[in-house]
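Residue numbers start from 1 in every chain, and the chains themselves are labelled A, B, ... in the order their sequence lines are given, proteins ahead of strands. Here the structure is a predicted model, which is why all the values come from computation and not from measurement.
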Amino acid sequence: MKDSLYRAPKGTRDLVWPDSERRRSFINLFAEISSSAGYEEIVLPMFEHIEVFQRLGDGTDVVRKEMYDFEDKGGRQIALRPEQTASIVRSYAENRPPLPWKVWYAGPNFRYERAQRGRYRQFDQVGMEALGSEDPYLDVEVISVAWRFYEALGLKNVNLLLNSMGTANDRSRYIEALSEYFANQKGDLSKESQDTFVANPLRVLDSKRDEDAQVIAEAPSILDHLSDEANDHFIKVQEGLEKLGIPYSVEPKLVRGLDYYLKTTFEFISESIDAAQDAIGGGGRYDGLAAEMGAPETPGVGFALGLDRTLMACDAEKSFPEPKHLLEIFVVDATDGSHALVVADQLRQEGFKVDRAFDNRSMKAQMKAADKSGAKIAVIIGDDEVRSGVVTIRDLRGEDGQEEIASELMIADLRKRLR
RNA sequence: GUGGCCGUAGCUCAGCCCGGUUAGAGCACCUGUUUGUGGUACAGGAUGUCGGGGGUUCAAAUCCCCUCGGUCACCCCA
């Protein structure tokens with residue numbers, strides 16, 4: 001079967017229980033926390049016209065080489081979404097909801113790249129976006145929701161890295177200064193970084209290669225290129241975080257992968273993940289993006305968290321544990337299975353969580369199944385019980401206790417035991 | 001896209017370097033010891049085209065090539 005075409009495509013996988021349920025709980029928790037901050041859920045298409053994502057900038061790898069794009073039967077150029085911020089801004093431009101517009105989302109994104117642990121071709125993100133305000137405290141709110149979410153998951157070793165990319169003007173002045181610097185130091189850069197420099201000078205700051213460390217360490221800092229406007233904004237954000245007691249470190253070399261960020265950018269790093277993929281979330285402000293999509297100038301700020309990576313961090317920190325089966329009752333039928341059919345249905349209608357075995361297996365086999373199911377109680381029905389109009393109720397957890405109860409008293413008895 | 005490692009039963013893996021009887025172990029699964037009772041113990045049982053294709057050879061899980069997949073690192077990102 002391993003060589004078969006009938007398997008999940010490269011970079012994808014099936015989420016089966018308990019992972020499937022843990023994912024759902026994760027999203028539910030995020031929904032609860034973000035909606036308590038006034039964010040409403042938005043459900044977006046999983047694919048868009050490719051132009052929507054090309055707005056992310058052709059200097060980004062997400063656009064250059066990771067796009068899952070194809071032509072549909074109507075000849076449209078379509079791309080599976082590599083992230084959801086672009087779709088949200090597109091939705092904003094299209095629907096023009098009243099401002100401020102605060103939304104949260106959860107769902108899969110797609111990037112065509114080489115898979116490895118914590119990096120898949122289809123991967124889930126949860127995130128939120130707030131459009132319509134330039135208030136630096138909105139940046140703080142967005143960051144704080146992410147932070148409180150990590151806390152709610154029980155994560156302790158998360159670091160918040162903070163930076164500012166300045167205004168559009170600051171950003172391009174900085175890129176100029178950086179380009180000039182790197183152009184002079186070119187000989188000391190690794191070959192890979194020299195290539196990166198041509199495509200996107202900012203990204204050189206991201207290099208993890210030792211040979212680049214020296215050049216990068218001495219590179220000009222964005223913080224020296226901030227206008228008063230951007231600098232005031234940045235200071236307000238830091239003050240806000242301090243008011244909330246959220247620790248952060250300013251990281252002037254933090255360059256996020258998407259080109260649309262202005263002013264505030266941030267990233268959450270897990271210290272617990274023993275892999276290269278330690279960025280578990282990130283975001284920032286994108287005040288220019290709405291105008292690019294044909295809407296009036298509208299500021300925006302938001303973040304996205306990777307579900308898989310965040311759960312990797314949870315595993316490492318032994319927090320947000322896997323769910324347990326919640327089965328309460330297992331019906332064992334030693335006659336022909338018809339009594340289990342009726343009793344299981346009856347108990348389920350009463351609100352109990354009930355399972356049973358099929359195929360007329362031996363009583364021993366059914367008891368084994370009952371034990372493995374995690375049920376607390378076995379309701380046993382055999383010929384004797386049927387004759388006397390009773391059921392045997394056996395406690396599977398504690399000591400070997402079992403007793404016969406008249407059928408009509410079964411529900412009352414089970415309720416007493418389980419509630 | 002680049003490089004390293006890996007791919008043997010449902011799962012975790014041994015065997016591969018030094019080709020050669022019916023390819024093994026543990027766990028899980030099924031049956032029995034207990035003809036109506038799980039969790040422990042003991043006994044027994046089923047399961048593999050040794051990832052796929054090609055080659056070398058009298059003979060390939062074992063050697064060579066290609067391919068697919070996984071994994072780790074780079075690139076980049078969640």
Side-chain angles (χ1 to χ4, degrees), chain A residues 1-5 7-13 56 59-66 82-85 107-127 146 190-193 195-196 199-200 202-212 255-258 267-270 273-283 303-313 330 332-335 357 359 361-386 392-402:
Chain A
M1 249 349 231
K2 279 175 183 162
D3 62 316
S4 170
L5 278 173
R7 66 182 167 198
K10 195 179 179 71
T12 69
R13 70 260 204 258
L56 302 178
T60 68
D61 278 12
V62 168
V63 173
R64 267 177 36 237
K65 55 175 205 188
E66 296 170 7
E83 57 124 41
Q84 301 194 46
T85 305
N109 300 333
F110 307 85
R111 292 183 197 172
Y112 191 91
E113 57 187 338
R114 189 105 164 226
Q116 64 187 71
R117 191 157 66 105
R119 191 174 69 183
Y120 304 97
R121 290 187 171 182
Q122 175 177 333
F123 62 100
D124 279 303
Q125 283 187 332
V126 299
S190 65
K191 199 190 161 303
E192 292 90 338
S193 284
D195 294 344
T196 307
N200 189 335
L202 277 179
R203 186 87 352 91
V204 176
L205 297 176
D206 257 350
S207 167
K208 292 174 199 159
R209 284 170 293 266
D210 291 343
E211 33 187 328
D212 296 326
V255 180
R256 309 229 58 247
L258 298 160
E267 196 162 293
F268 297 99
I269 305 290
S270 169
I273 293 179
D274 182 29
Q277 273 66 39
D278 61 352
I280 57 175
F303 70 79
L305 311 183
L307 191 147
D308 302 301
R309 288 188 190 177
T310 305
L311 286 177
M312 274 165 59
F330 199 97
V332 171
D333 184 338
T335 66
D359 300 319
R361 308 230 286 134
S362 72
M363 183 160 180
K364 184 187 173 81
Q366 291 189 54
M367 284 304 295
K368 246 179 174 165
D371 185 52
K372 269 192 314 200
S373 75
K376 296 179 182 66
I377 286 170
V379 170
I380 302 167
I381 306 165
D383 292 330
D384 296 348
E385 283 83 353
V386 172
T392 296
I393 293 185
R394 181 176 176 90
D395 181 4
L396 294 172
R397 297 296 110 175
E399 298 303 302
D400 276 343
Q402 77 178 40

Task: Nucleic acid contacts of residues 374-384 of chain A, taken as heavy-atom distances under 4.0 Å to RNA chain B - done: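 Output list: Ile380(A), Gly382(A), Asp384(A).
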
TODO: Walk me through it: do Arg111(A) and Arg119(A) pass the test side chain to side chain contact (heavy atoms under 4.5 Å, CB included)?
DONE: CA-CA 9 Å; Arg111(A) 292 183 197 172; Arg119(A) 191 174 69 183; over 6 Å; no

How far, in whole Å, is [M] from [N] if one measures between their [atom1] atoms?
| N | M | atom1 | result |
| --- | --- | --- | --- |
| G10(B) | G52(B) | P | 13 Å |
| G69(B) | C75(B) | P | 24 Å |
| U22(B) | C50(B) | C1' | 15 Å |
| U35(B) | A28(B) | C1' | 27 Å |
| A14(B) | C6(B) | C1' | 15 Å |
| U57(B) | C5(B) | C1' | 29 Å |
| G1(B) | U62(B) | C1' | 33 Å |
| U40(B) | C66(B) | P | 50 Å |

Open item on the list: Looking only at the side chain of Leu396(A) (C-beta and beyond, no hydrogens), which of the listed nucleotides U71(B), G38(B), G36(B) gets closest?
Closed with: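 Closest nucleotide to the Leu396(A) side chain: G38(B).
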
Open item on the list: Please pick, from U37(B), A78(B), G3(B), the nucleotide with the shortest atom-to-atom distance to any side-chain atom of Ala279(A).
Closed with: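 Ranking U37(B), A78(B), G3(B) by closest atom to the Ala279(A) side chain puts A78(B) first.
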
Measure from the side-chain N and O atoms of [X] to the backbone N and O of [Y], and report whether any donor-acceptor pair falls under 3.5 Å.
| X | Y | result |
| --- | --- | --- |
| Arg309(A) | Ala279(A) | yes |
| Ser362(A) | Ala365(A) | yes |
| Gln366(A) | Asp333(A) | yes |

Task: Distance under 6.0 Å and angle within 45° of ring axis: Arg121(A) vs Phe110(A) - done: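 No, Arg121(A) does not lie over the aromatic ring of Phe110(A).
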
Open item on the list: Both conditions, 6.0 Å and 45 degrees, for the charged tip of Arg13(A) above the ring of Tyr120(A): are they met here?
Closed with: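 Because its charged atom sits under 6.0 Å from the ring centre and within 45° of the axis, Arg13(A) does stack over Tyr120(A).
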
- [ ] Decide yes or no on side chain to side chain contact (heavy atoms under 4.5 Å, CB included) for Val332(A) and Ile381(A), but give the supporting numbers first.
- [x] CA-CA 6 Å; Val332(A) 171; Ile381(A) 306 165; over 6 Å; no

Open item on the list: Strictly below 4.0 Å, N to O, side chains only: are Arg256(A) and Glu267(A) in salt-bridge contact?
Closed with: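 Looking at Arg256(A) and Glu267(A), the cut-off is met.
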
Classify the nucleic acid contact of [X] as base, sugar-phosphate or nothing, counting any heavy atom under 4.0 Å across all strands shown.
| X | value |
| --- | --- |
| Ala370(A) | nothing |
| Thr196(A) | sugar-phosphate |
| Arg119(A) | base |
| Asp195(A) | nothing |
| Arg256(A) | sugar-phosphate |

Which base, if any, makes a Watson-Crick or G-U wobble pair with [N], both distances under 3.5 Å?
| N | value |
| --- | --- |
| C63(B) | G55(B) |
| U21(B) | none |
| G3(B) | C72(B) |
| A28(B) | none |
| U37(B) | none |

[N] base / [X] side chain donor-acceptor hit below 3.5 Å:
| X | N | value |
| --- | --- | --- |
| Gln366(A) | U37(B) | no |
| Arg13(A) | G70(B) | no |
| Arg111(A) | C76(B) | no |
| Glu66(A) | G1(B) | no |

Tell me the interatomic distance from [X], atom [atom1], to [N], atom [atom2], rounded to whole angstroms.
| X | N | atom1 | atom2 | value |
| --- | --- | --- | --- | --- |
| Tyr120(A) | C72(B) | OH | C1' | 13 Å |
| Phe330(A) | G36(B) | CZ | P | 20 Å |
| Glu267(A) | C77(B) | CD | C1' | 8 Å |
| Asp371(A) | G38(B) | CG | P | 10 Å |
| Arg203(A) | C76(B) | CZ | P | 7 Å |
| Glu83(A) | C77(B) | CD | C1' | 11 Å |
| Lys10(A) | G52(B) | NZ | P | 18 Å |
| Gln116(A) | C76(B) | CD | C1' | 10 Å |

Open item on the list: Less than 3.5 Å apart, any donor N or O on the side chain of Asn109(A) or Gln125(A) sitting next to an acceptor on the other?
Closed with: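 A pair is found: one side chain offers a donor N or O, the other an acceptor, under 3.5 Å apart.
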
Open item on the list: I want to confirm an ordering. Mapping Thr12(A) and Ala304(A) to their closest nucleotides on RNA chain B, which one lands closer to the 5' end?
Closed with: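 Its nucleotide being nearer the 5' end, the pick is Thr12(A).
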
Task: Contact nearer the 5' end of RNA chain B, comparing Tyr112(A) with Ile280(A) - done: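 Nearest nucleotide further toward 5': that of Tyr112(A).
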
Find every protein N or O atom lying less than 3.5 Å from an N or O atom of nucleotides 28-31 of chain B, and list the pairs.
{"residue": "C29(B)", "atom": "OP1", "partner": "Lys372(A)", "partner atom": "NZ", "Å": "2.8"}
{"residue": "C30(B)", "atom": "OP1", "partner": "Arg361(A)", "partner atom": "NH2", "Å": "3.2"}

Open item on the list: Counting only side-chain nitrogens and oxygens, does Arg394(A) get under 4.0 Å of the OP1 or OP2 atom of G38(B)?
Closed with: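 So the side-chain polar atoms of Arg394(A) never come under 4.0 Å of the phosphate oxygens OP1 or OP2 of G38(B).
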
Task: Minimum side-chain heavy-atom gap Asp212(A)-Ser190(A) below 4.5 Å - done: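 In short, these two side chains touch, coming nearer than 4.5 Å.
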
Report all side-chain donor-acceptor pairs from residues 371-378 of chain A shorter than 3.5 Å, counting only partners two or more places apart or in another chain.
{"residue": "Ser373(A)", "atom": "OG", "partner": "Ala370(A)", "partner atom": "O", "Å": "2.7"}
{"residue": "Ser373(A)", "atom": "OG", "partner": "Ala375(A)", "partner atom": "N", "Å": "3.1"}

- [ ] Only one of Val204(A), Leu205(A), Asn200(A) passes side-chain contact (heavy atoms from CB on, under 4.5 Å) with Val255(A); say which it is.
- [x]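 With Val255(A) as partner, Val204(A), Leu205(A), Asn200(A) yield a single side-chain contact (heavy atoms from CB on, under 4.5 Å), made by Leu205(A).
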
Task: CG on Leu307(A) to CE on Met312(A), rounded to 0.5 Å - done: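 That separation rounds to 12.0 Å.
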
